[in-house]
Amino acid sequence: MKLDTSGLESAAPVWGAPNEIVDGFSAAPTFELPNTIDFDGFQKEALQMVKPAKGTTTLAFIFKEGVMVAADSRASIMGYIGILFLHSSLILVYCSFSKTWKARCRLHELANKRRISVTEASKLLANILYSYRGMGLSVGTMIAGWDETGPGLYYVDSEGGRLKGMRFSVGSGSPYAYGVLDNGYWYDMSVEEAAELARRAIYHATFRDGASGGVASVYHVGPNGWKKLSGDDVGELHYKYYPVLPSTVEQEMVEVAGA
């Protein structure tokens, strides 16, 4: 019995002899150098072109003593900043339109002869971002502060959307920060308990998110203004939350003297 193998024959052309193929793979790769006189300048420009953008982790929540705000120190996407203080009782967290927003808030205060409220400041920022909708912006920011109505916290996105809430987190590490906040948040916290919750949430976000890190800074906004409570390196916080314990030997082999 004879099998028909005509359909199994390869129709692909053979480019050169087998020895030429092997020699082509074993040869060292070559490439042309850039046609430039200033090679150092070319290298710096190339590094800037492929430089990876970093992320950040920021959060804020309202409790009975005011607003607790925390952020890491790696907010560096497209000139974004971490925290901007407009005045002693108003904070903008994580936005690149800070100069425009700050100028409009000042004009509002001059026109009305009083400090701008948290609600009004968040509405101004939402209007600014709404005018740039559909232009490819990617913005997430929080406005926290204390005015005549008490503590306030708003989230504003790049499409001009505005949300009022009790706790928010923005940045590449925000999913991890939300996990800690949702588990440990309650309204009747003291300042010390709220600061520890914010610090722990930032640490766990930097531990899981490769784009976050640096220093975890914690701020408290109350009726008397804002105050920085702490600024801890996340590397040192790691050993605080996960201390190195001495290992115990379950069974030790001891040499027995011969009888």
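Everything numeric here is computed off the predicted structure, so don't read it as measured data.
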(request) Taking atom types as modelled, find out whether Thr206 and Asp72 have a side-chain donor-acceptor pair closer than 3.5 angstrom. (result) no
(message) I'd like to know if the side chain of Ser169 pairs up with that of Ser174 as donor and acceptor (distance under 3.5 Å, no hydrogens or angles considered).
(response) no
(message) Hydrophobic clustering (ILVMFWY, side-chain heavy atoms < 4.5 Å, transitive) - are Phe207 and Leu181 grouped together?
(response) no
(message) Let me check something: do Val215 and Tyr219 share a hydrophobic cluster, defined by ILVMFWY side-chain heavy atoms less than 4.5 Å apart, either directly or through other members?
(response) no
(message) Between Val67 and Leu59, is there shared hydrophobic-cluster membership here, with clusters defined by ILVMFWY side-chain heavy atoms closer than 4.5 Å?
(response) yes
(request) Flag yes if more than 12 heavy atoms outside Lys227 fall under 6.0 Å of its NZ atom; otherwise flag no. (result) no
(request) Identify whether Phe63 and Leu229 are in the same connected component of the hydrophobic contact network (ILVMFWY, side-chain heavy atoms under 4.5 Å). (result) yes
(request) To the nearest 0.5 Å, tell me how far Leu237 CG sits from Asp232 CG. (result) 4.5 Å
(request) For the pair Tyr242 and His204, name the ring-plane relationship: parallel under 30°, tilted 30 to 60°, perpendicular over 60°. (result) perpendicular
(request) Could you state whether Leu163 and Val170 fall into the same hydrophobic cluster, counting links through intermediate Ile, Leu, Val, Met, Phe, Trp or Tyr residues with side-chain heavy atoms under 4.5 angstrom apart? (result) yes
(message) Tell me the closest heavy-atom pair linking Thr58 and Ala71, and the distance in Å.
(response) CG2-CB, 3.6 Å
(message) Looking only at side-chain N and O atoms, does Ser158 offer a donor or acceptor that is under 3.5 Å from a partner on Arg133?
(response) no
(request) Dump the intermediate steps for side chain to side chain contact (heavy atoms under 4.5 Å, CB included) on Val118 and Leu153, then the final yes or no. (result) CA-CA 7 Å; Val118 182; Leu153 177 61; over 6 Å; no
(request) Kindly compute the distance separating OG (Ser217) from NZ (Lys228), expressed to the nearest 0.5 Å. (result) 4.0 Å
(request) Check the pair Arg104 / Ile128 against side chain to side chain contact (heavy atoms under 4.5 Å, CB included), numbers first and verdict last. (result) CA-CA 10 Å; Arg104 294 195 182 183; Ile128 294 173; 3.4 Å; yes
(request) Check whether any side-chain heavy atom of Thr141 lies under 4.5 Å from a side-chain heavy atom of Leu125, and answer yes or no. (result) yes
(request) Would you mind checking if Lys240 and Glu196 are paired as a salt bridge, meaning a charged N to carboxylate O distance below 4.0 Å? (result) yes
(request) Go through the steps to decide whether Asn224 and Trp146 satisfy the test side chain to side chain contact (heavy atoms under 4.5 Å, CB included), and finish with yes or no. (result) CA-CA 9 Å; Asn224 299 321; Trp146 187 291; over 6 Å; no
(message) Return the CG to CZ distance between Leu110 and Arg106, rounded to the nearest 0.5 Å.
(response) 8.5 Å
(request) Give the minimum heavy-atom separation between Ser122 and Ile143, together with the two atoms involved. (result) CA-CD1, 3.4 Å
(request) Specify the closest pair of heavy atoms between Met68 and Val191, including all atoms of both residues, with the distance to one decimal. (result) CE-O, 3.7 Å
(message) With a 3.5 Å distance limit and no angle check, can you tell me whether Glu120 reaches the backbone of Ser117 through a side-chain donor-acceptor pair?
(response) yes
(message) Measuring only between side-chain heavy atoms, which start at C-beta, is Thr56 closer than 4.5 Å to Ser172?
(response) no
(request) Evaluate side chain to side chain contact (heavy atoms under 4.5 Å, CB included) for Leu197 paired with Met189, printing each intermediate quantity in order. (result) CA-CA 10 Å; Leu197 175 63; Met189 287 186 291; 3.9 Å; yes
(request) Heavy atoms only: give me the nearest Ile62-Pro151 pair and the separation to one decimal. (result) CG2-CG, 3.9 Å
(request) For residues Ala198 and Val218, report the shortest heavy-atom separation together with the two atoms involved. (result) CB-CG1, 4.4 Å
(message) If you define the side chain from C-beta out and look only at heavy atoms, does anything of Glu65 sit under 4.5 Å from Ser190?
(response) no
(request) To the nearest 0.5 Å, tell me how far Arg115 CZ sits from His108 NE2. (result) 14.5 Å
(message) Quick check against the 3.5 Å criterion: does Asp209 have a side-chain atom that pairs as donor or acceptor with the backbone of Ala205?
(response) no
(request) Could you grab the distance from atom CZ of Arg114 to atom CD of Glu109, nearest 0.5 Å is fine? (result) 9.0 Å
(message) Rounded to the nearest 0.5 Å, what separates atom CZ in Arg167 from atom OH in Tyr187?
(response) 13.5 Å
(message) Measuring only between side-chain heavy atoms, which start at C-beta, is Ile116 closer than 4.5 Å to Asp147?
(response) no
(request) Quick one: which residue pairs count as a ring pair (Phe, Tyr, Trp, His ring centres under 6.0 Å) with a foot in residues 152-176, not counting sequence neighbours? (result) Tyr155-Phe168
(message) Looking at Tyr241, I'd like to know if its OH atom is crowded, meaning that more than 12 non-hydrogen atoms belonging to other residues, nucleotides or ligands lie closer than 6.0 Å.
(response) yes
(request) Can you see which heavy atom on Thr57 is nearest to which on Gly173, and at what distance? (result) OG1-CA, 3.2 Å
